[in-house]
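The first residue of the sequence shown is numbered 1, and numbering continues consecutively from there.
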Amino acid sequence: MIYFISDLHLGARYIADPRAHQQRVVNFLHSIAADATELYLVGDVLDYWFEYRTAVPRGYVRFFGALAALADAGVKITWLTGNHDIWLFDYLRTEIGMEVIDSPWVERTIAGKRFIIGHGDRIGRRSAGFRFICSLFRNRLLQWLYSGIHPRWTIPFAHLWSSSSRRSRYGIDDVEAHTDQVEQDVATLPQADFVVLGHHHIVVDRQMAHGRLIVLGDWIDHCSYGQFDGSTFTLKTFNQ
Ligand SMILES: [Mn+2]
């Protein structure tokens with residue numbers, strides 16, 4: 001069984017009970033251990049993360065532990081970065097034992113079906129301003145300079161910024177219209193049987209002219225996940 005989750009936003013300052021939030025995710029990871037062969041983390045798993053060469057941010061211990069247990073049990077884990085967890089360098093990849101991919105999307109063939117999987121923030125037409133910001137965030141020199149600023153200053157700043165960007169982007173009241181927009185964005189992609197995205201914080205399962213559009217929801221309001229058994233893709237809600 002292949003599982004897909006996205007937009008956990010672990011560590012976000014606006015989550016009322018961070019311990020319970022993390023525990024729900026950990027319970028989910030435990031629950032899939034029996035039959036999971038692969039797990040895709042489709043971005044914005046952590047609300048903010050920046051790895052230094054010799055230090056990493058505190059927190060997330062049980063979550064990382066549960067991921068490591070899955071990896072040790074032979075589950076293939078792929079983490080596609082989102083717009084909140086861009087700066088996963090080599091620490092989690094080697095420490096946990098998983099693949100970390102920082103591309104707008106990847107193409108995979110699973111049980112003979114073509115999948116395109118990506119967070120979704122870098123799919124479709126994007127403004128020059130957005131593309132510029134993306135290139136700054138991924139600039140090696142800027143990353144190196146940023147890593148030289150003491151985390152005492154950068155971590156609170158990043159969390160403040162994350163909370164404010166959430167406020168401005170939230171309030172999708174017309175899910176249908178928003179889904180139409182996403183469908184236009186994915187029309188720029190190669191054809192696939194399934195296009196699996198995160199980022200939008202809505203749960204979508206829509207048959208398009210070519211292939212099916214899945215938007216995974218989030219773990220703030222929905223606790224939703226995708227499951228593919230080799231022939232059927234199902235969107236489910238976790239409530240334990
Ligand atoms: Mn996102």
Side-chain angles (χ1 to χ4, degrees), residues 1-11 22 25-26 28-49 51 56 60 62-123 134 137-138 186 189-190 192-200 211-219 223-236 238:
M1 203 72 84
I2 324 260
Y3 290 92
F4 302 81
I5 52 173
S6 77
D7 297 272
L8 317 182
H9 288 270
L10 288 165
Q22 180 175 211
V25 175
V26 167
F28 168 75
L29 294 176
H30 288 160
S31 78
I32 68 169
D35 64 1
T37 53
E38 279 192 67
L39 170 65
Y40 283 90
L41 303 165
V42 192
D44 288 0
V45 170
L46 307 176
D47 198 60
Y48 171 70
W49 179 263
E51 273 170 40
V56 294
Y60 320 105
R62 287 171 179 79
F63 172 66
F64 290 152
L67 275 187
L70 286 177
D72 291 347
V75 178
K76 187 171 169 278
I77 304 174
T78 307
W79 184 330
L80 294 139
T81 58
N83 50 313
H84 284 259
D85 46 11
I86 301 169
W87 301 293
L88 299 172
F89 302 123
D90 66 336
Y91 169 67
L92 290 177
R93 190 175 66 211
T94 51
E95 187 70 27
I96 292 174
M98 61 182 177
E99 194 178 358
V100 173
I101 303 174
D102 180 33
S103 325
W105 47 272
V106 292
E107 222 172 327
R108 291 285 150 91
T109 303
I110 306 172
K113 301 282 184 196
R114 271 162 77 92
F115 277 76
I116 285 180
I117 310 161
H119 184 60
D121 60 311
R122 290 179 284 160
I123 291 173
C134 279
F137 283 172
R138 288 171 175 81
V186 304
L189 298 172
D193 297 298
F194 296 94
V195 177
V196 182
L197 308 180
H199 186 59
H200 298 282
R212 218 159 113 197
L213 171 64
I214 306 282
V215 185
L216 292 167
D218 66 18
W219 281 66
C223 295
S224 45
Y225 64 99
Q227 188 185 50
F228 182 64
D229 67 3
S231 60
T232 310
F233 195 105
T234 321
L235 273 169
K236 293 188 172 178
F238 184 73

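- The salt bridge (Lys or Arg N to Asp or Glu O under 4.0 Å) test applied to Arg62 returns no partner, not counting sequence neighbours.
- Closest approach of Gly198 and Val42 over heavy atoms only: N-CG1, 4.0 Å.
- Side-chain contact of Asn83 with His199: a donor-acceptor pair under 3.5 Å is present, judged by distance alone.
- Residues passing the side chain to side chain donor-acceptor pair (under 3.5 Å) test with Trp79, sequence neighbours excluded: Asp85.
- Closest approach of His84 to Leu46, counting heavy atoms only: CB-O, 3.5 Å.
- Side-chain atoms of Arg114 never come within 3.5 Å of backbone atoms of Pro190 as a donor-acceptor pair (strictly under, hydrogens ignored).
- Interatomic distance, CD1 of Ile77 versus CG of Leu67, reported as 5.0 Å (0.5 Å rounding).
- From Leu41, atom CG reaches atom CG of Asp7 across 11.0 Å, with rounding to the nearest 0.5 Å.
- Nearest approach of Gly217 to Ser224, heavy atoms of both residues: CA-OG, 3.4 Å.
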Let me check something: any side-chain donor-acceptor pairs from residues 31-40 under 3.5 Å, sequence neighbours excluded? List them with distances.
unit_1: Ser31; atom_1: OG; unit_2: Phe28; atom_2: O; d: 2.6
unit_1: Asp35; atom_1: OD1; unit_2: Tyr3; atom_2: OH; d: 2.7
unit_1: Asp35; atom_1: OD2; unit_2: Tyr3; atom_2: OH; d: 3.2
unit_1: Thr37; atom_1: OG1; unit_2: Met1; atom_2: O; d: 3.2
unit_1: Glu38; atom_1: OE1; unit_2: Tyr40; atom_2: OH; d: 3.0
unit_1: Tyr40; atom_1: OH; unit_2: Arg108; atom_2: NH1; d: 3.4

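- The distance from the CG atom of Leu10 to the CZ atom of Phe64 is 8.0 Å, given to the nearest 0.5 Å.
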May I have the step-by-step check of side-chain contact (heavy atoms from CB on, under 4.5 Å) for Thr81 and His119, ending in yes or no?
CA-CA 7 Å; Thr81 58; His119 184 60; over 6 Å; no

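- Among residues two or more places apart in sequence or in another chain, the side chain to side chain contact (heavy atoms under 4.5 Å, CB included) test is passed with Lys113 by Phe115, Asp193, Phe194, Phe228.
- Between Phe4 atom CZ and Leu197 atom CG the span is 11.5 Å, to the nearest 0.5 Å.
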Can you give each donor-acceptor pair under 3.5 Å made by side-chain atoms of residues 86-101, sequence neighbours left out, with the distance rounded to 0.1 Å?
unit_1: Trp87; atom_1: NE1; unit_2: Phe137; atom_2: O; d: 2.9
unit_1: Thr94; atom_1: OG1; unit_2: Asp90; atom_2: O; d: 2.7
unit_1: Thr94; atom_1: OG1; unit_2: Tyr91; atom_2: O; d: 3.2

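- In this view, Asp121 satisfies the salt bridge (Lys or Arg N to Asp or Glu O under 4.0 Å) rule with no residue, not counting sequence neighbours.
- Partners of Tyr48 by side chain to side chain donor-acceptor pair (under 3.5 Å), not counting sequence neighbours, listed by chain and number: Tyr146.
- By the side chain to side chain donor-acceptor pair (under 3.5 Å) test, Trp219 is found to be paired with no residue, residues two or more places apart in sequence or in another chain being considered.
- In terms of the side chain to side chain donor-acceptor pair (under 3.5 Å) criterion, residue partners of Ser231 (sequence neighbours excluded) are, by chain and number, Asp229.
- In this structure, CZ on Phe233 lies 10.0 Å from CD1 on Ile2, to the nearest 0.5 angstrom.
- Looking at Trp49 and Glu51, their side chains do bring a donor and an acceptor atom within 3.5 Å of each other.
- For the atom pair CD1 of Ile5 and CZ of Phe238, the computed distance is 10.5 Å after rounding to the nearest 0.5 Å.
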